[in-house]
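All values reported here derive from a predicted model rather than from experimental measurement. Labels below follow one simple rule: chain letters A, B, ... track the order of the sequence lines, proteins then strands, and each chain is numbered from 1.
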Amino acid sequence: MTAEAIAARPVPTADWVTIEDLYRNPFPIYRKMRSEAPVHWVPAVNRYMVTSYQACHTVENNQEIFSADETNSLMKRAMGHSMLRKDDPEHDVDRKSYGSVLRPKAIKEHWNAIFQANHETYLARLKSAGPGADLIWEYAAPYAAENLRLVMGFHNATQEDMQRWSQTMINGTGNYADNPDVWAASEKSYNEVDDAIDEILPYLRKNPDSSLLSGMTSMPIPLEAIRANMKMTIGGGLNEPRDVLGVAVWALLSHPDQLAQVLADPALYPTVFEESVRWVAPIGMYPRETTRDTVLEGVQLPKGARLGVVVGAANRDPEVFEDPESFNINRPKKPHLAFGGGNHYCAGAWVAKASVSGIALPQLFAELPNLRLDPERPAVDAGWVFRGMTALPVRWDAK
Amino acid sequence: MAKVSFHHNDGNVDVLDVDPGTSLMRAAVTNGVAGIVGECGGQAMCATCHVYVRPEYLDGLPEISEDEEEMLECTADPRDEDRSRLGCQIKAGEGLDEIEVDVPASQI
């Protein structure tokens, strides 16, 4: 044993944590856990939950000890073995197959005009639904889904297909209860996505465009990897921009002083975006597995330990962020972990920023005068592995 | 070993001896150098390992790739046309036994 291991303390158990409580509101639970230890064994989750900023940061920057290639991964079953469950060098091959499709130059040259058109389509849909409409389901979800559909190149699918595929496969990745109905829906989407890819690749070979799938046709990458990576991207590229958009609108509407500040200075929307993903990380937890006995921030972990890296907790660590539970666009800028870090840093980060803080947020507030929460029906925020608004009824004045 | 010096705005300097081939970003993140974030782990996907290379070391640097060029347009602090680089794209010891850089005031 090394001196480090001898000095380390055993992992505390948090047997008081329940999935139901986490789903409703994980933040008081994270606060209590973080104040006790950076890592706990959590029986209800069947994982070691890593909740301190420093520990999460250490994990995501050391793939030799903290592998993304998890044993018995539900994500592998639900979506295939994507780059998100590979370490380098294998991960790097897949990652490079995305080329420059999701980078700032392509966004400026191709995607911003498409995001703008989609914004106009779904803003019109929200307006026609009228005051009291749900901003998530009339606007944010179809807007994010249609953006993703075109970025990926699924010209043979609809935004409704994208939403169904995303949600059913995400439910599969979280199907710890092994519910057969969840698996059936997830597997149906799995097969539909494979069929859609098989159908569209020959078309894109003849009619190349700026999309991810079009780029894949000229990359030396096996079909199995394309299929898995596309499923991961459907799961990771739709609910997340939808949820940051919903949380950002909800946060501004619940903090009138900050809303007034942003309305007076639209250059603040990128700051609103960053604070929203810090405050409520759309992906709150992701898995890693230890490749050997190790010590993480003074806590012993055995080889093969299944970790949940709780970036949703790390982003509210008082060691890093002052008054961390508050939404505050005026806080000192510090790097958050909402996009992950290290080699798995979110490939869609620039697309999310462009579509949400470049287009959707400023134009929603400009086009919907006196946008406000519906006093009769409350907004609902929910989830922990994935967290966002499940309902956001809003009202506005006629222009 | 190669020597890397990170000069901070307050006058403090972090001097590191690193294995040749280590990127400036990795050296900084591993050793807790303030002001270098390196969010994306070295893929030239973010611009949070921005450094200003001191003029006397510019000749030994590799060319700026297309990806790095794109990210240098996204830095939090203004780009310096001659001295701005991403720390993840510069490896210590490769034509540079020693390098000194200035750390920008902000990366995000």
S.K.: Heavy atoms under 4.5 Å from chain A: which residues of residues 40-56 of chain B carry them?
M.R.: B/Cys40, B/Gly41, B/Gln43, B/Ala44, B/Met45, B/Cys46
S.K.: Could you list which of residues 28-39 of chain B have a heavy atom closer than 4.5 Å to any heavy atom of chain A, in residue-number order?
M.R.: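 Checking residues 28-39 of chain B against chain A gives B/Val29, B/Val37, B/Glu39.
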S.K.: Counting a contact as any heavy-atom pair under 4.5 Å apart, which residues of residues 98-108 of chain B contact chain A?
M.R.: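 Within residues 98-108 of chain B, the residues that come under 4.5 Å of chain A (heavy atoms only) are B/Ile108.
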S.K.: Can you establish whether the number of heavy atoms outside A/Lys334 located under 6.0 Å from its atom NZ is more than 12?
M.R.: yes
S.K.: Looking only at heavy atoms, which of residues 63-72 of chain B get nearer than 4.5 Å to chain A?
M.R.: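 The stretch touches chain A at B/Asp67, B/Glu70, B/Met71.
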S.K.: With a sphere of 6.0 Å drawn around CD of A/Glu322, does it hold more than 12 non-hydrogen atoms of other residues, nucleotides or ligands?
M.R.: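 No.
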S.K.: Which one, A/Lys105, A/His344, A/Arg103, leads in non-hydrogen pairs under 4.5 Å with chain B?
M.R.: A/Arg103
